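This report refers to the structure that appears directly beneath it.
The model shown is predicted, which means the values in this text are computed figures rather than measured ones. When reading the values below, keep in mind they use all heavy atoms of this one structure, side chains included, and skip hydrogens, waters and symmetry mates.
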Amino acid sequence: MARDATISAAQHCYRTLSRKIIGLELKPNAPIGEHALAGLLGVSRTPVREALSRLSAEGLVDLRSRAGVVVAPIRMDAVRTAQFVREQLEVAIVAEAARQSNRRILLGIRQAIEEQELAILEDNPDLFFECDERMHALYCNLAGRDGVWSFISEAKKHMDRVRRLSIQAGQLDQLVEDHQRVLEAVTEGDAASAQETMRLHLRRAMLDLNELARRFPSYFASDAS
């Protein structure tokens, strides 16, 4: 696997593993072999260990004495914390976005929503997730706070695995409807409505959390509740 020459081997390993874990390509509780991973990524075992140590600190992998390194199961407390942080930031962001006017960025948001509709028709959950990320990042751009998206992205990693499951489970039409309502409120300069809709939208995944744990029990920690 080719590595970006501008980043270290450890950073390459970290980014690759983080993306695979959050995208559920590496399933919760799946073992991670250092030797096999080093070969796959084309690096020595040292940067792999460094990446795993960082992921362990973030709660994305578990270091178990007998099983070795495994992908951490989804833990409810971590998801709820991630959702809380994201909600506070994004609700504030759409309020500021509603006070701005930039037709180019608003068009980009609309295009992202239209691509989400296309992703539903094509049954392409990866495209839906990608467009959803772009849309939320554009609200930060519209609000003049691009840097906030970096904080949100870091904070919501545990929530993103639940979002991936939600996308797999369907009910995407409701999410797109939420997106359209937020855009309409922001375009009209209605900050209060934009905030209310965004808050309800971000809480949908939390309402489905226990149902997702029932549908995908092997993905969640055994004490999930």
Side-chain angles (χ1 to χ4, degrees), residues 4 7 11 14-26 55 58 60 74 78-79 81-97 100 102 104-187 194-195 197-206 208-209 212:
D4 184 344
I7 64 174
Q11 182 71 356
Y14 169 78
R15 288 183 181 180
T16 302
L17 282 172
S18 181
R19 183 174 63 251
K20 289 179 179 293
I21 290 170
I22 292 170
L24 300 179
E25 186 177 339
L26 288 174
L55 290 166
E58 294 179 351
L60 291 174
I74 298 173
V79 175
T81 297
Q83 192 276 339
F84 177 83
V85 173
R86 183 181 189 187
E87 179 180 316
Q88 304 309 306
L89 291 173
E90 290 221 45
V91 167
I93 282 293
V94 293
E96 292 200 17
Q100 308 301 321
N102 186 310
R104 179 183 59 80
I105 298 176
L106 288 171
L107 177 60
I109 294 171
R110 188 174 302 280
Q111 289 174 334
I113 295 173
E114 290 175 353
E115 288 182 51
Q116 290 167 12
E117 295 174 321
L118 177 62
I120 293 173
L121 291 174
E122 295 181 346
D123 191 23
N124 188 337
D126 289 335
L127 176 61
F128 188 95
F129 188 87
E130 174 191 323
C131 296
D132 188 65
E133 290 285 279
R134 174 158 34 98
M135 180 200 70
H136 285 280
L138 282 170
Y139 278 116
C140 292
N141 186 214
L142 180 59
R145 298 189 181 276
D146 290 306
V148 173
W149 182 246
S150 298
F151 287 101
I152 293 172
S153 296
E154 286 297 312
K156 69 186 180 67
K157 288 178 179 178
H158 291 280
M159 188 181 178
D160 279 347
R161 293 202 288 175
V162 171
R163 289 173 62 214
R164 287 281 190 173
L165 285 179
S166 295
I167 289 172
Q168 289 181 21
Q171 298 182 334
L172 301 183
D173 289 337
Q174 180 62 66
L175 299 182
V176 171
E177 184 179 331
D178 290 345
H179 295 162
Q180 292 169 335
R181 289 176 58 207
V182 172
L183 176 59
E184 180 180 350
V186 168
T187 302
Q195 286 185 298
T197 305
M198 180 61 80
R199 183 178 290 108
L200 290 172
H201 171 67
L202 294 176
R203 290 182 180 181
R204 287 194 190 281
M206 304 307 295
D208 295 336
L209 193 54
L212 289 172

Next on the checklist: Is it the case that over 12 heavy atoms from other parts of the model lie below 6.0 angstrom from the CZ atom of Arg110?
Outcome noted: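 Atom CZ in Arg110 is not crowded, with 12 or fewer foreign heavy atoms closer than 6.0 Å.
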Test side-chain contact (heavy atoms from CB on, under 4.5 Å) applied to [X] - qualifying residues, sequence neighbours left out:
X: Ala137; result: Trp149
X: Asp126; result: Asn124, Arg164
X: Gln83; result: Glu87, Met159, Leu202, Arg203, Met206
X: Glu58; result: Tyr14, Arg54, Leu55, Leu60, Glu154, Lys157

Test item: [X] and [Y] side chains (from C-beta on) under 4.5 Å apart, heavy atoms:
X: Ile74; Y: Leu165; answer: yes
X: Cys140; Y: Ile152; answer: yes
X: Val85; Y: Phe151; answer: no
X: Leu175; Y: Arg204; answer: yes
X: Leu200; Y: Asp178; answer: no

Could you pull out all residues at least two apart from [X] that satisfy side-chain hydrogen bond (donor to acceptor under 3.5 Å, both in side chains)?
X: Glu90; result: Arg86, His136
X: Gln180; result: Glu117
X: Arg134; result: Glu115
X: Gln100; result: none

How close do [X] and [Y] get, counting heavy atoms only, and between which atoms?
X: Ala155; Y: Ala82; result: O-CB, 3.1 Å
X: Ala143; Y: Ala97; result: CB-N, 3.9 Å
X: Ala112; Y: Cys131; result: O-CB, 3.6 Å

State the [atom1]-[atom2] distance between [X] and [Y], to the nearest 0.5 angstrom.
X: Ile167; Y: Ile120; atom1: CD1; atom2: CD1; result: 9.5 Å
X: Arg181; Y: Met198; atom1: CZ; atom2: CE; result: 11.5 Å
X: Leu106; Y: Tyr139; atom1: CG; atom2: OH; result: 7.5 Å
X: Asp146; Y: Leu142; atom1: CG; atom2: CG; result: 10.0 Å
X: Phe129; Y: Leu172; atom1: CZ; atom2: CG; result: 12.5 Å
X: Asp173; Y: Gln116; atom1: CG; atom2: CD; result: 11.0 Å

Next on the checklist: Exactly one of Thr197, Thr187, Ile109 should register a side-chain contact (heavy atoms from CB on, under 4.5 Å) with Val182. Which one does?
Outcome noted: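 Of the listed residues Thr197, Thr187, Ile109, the side-chain contact (heavy atoms from CB on, under 4.5 Å) partner of Val182 is Thr197.
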Taking salt bridge (Lys or Arg N to Asp or Glu O under 4.0 Å) as the test, write out the residues that go with [X], two or more places apart.
X: Arg145; answer: Glu96
X: Asp160; answer: Lys156, Arg163
X: Glu177; answer: none

Next on the checklist: Evaluate Asp132 against His179 for side chain to side chain contact (heavy atoms under 4.5 Å, CB included), listing each step before the verdict.
Outcome noted: CA-CA 9 Å; Asp132 188 65; His179 295 162; 2.9 Å; yes
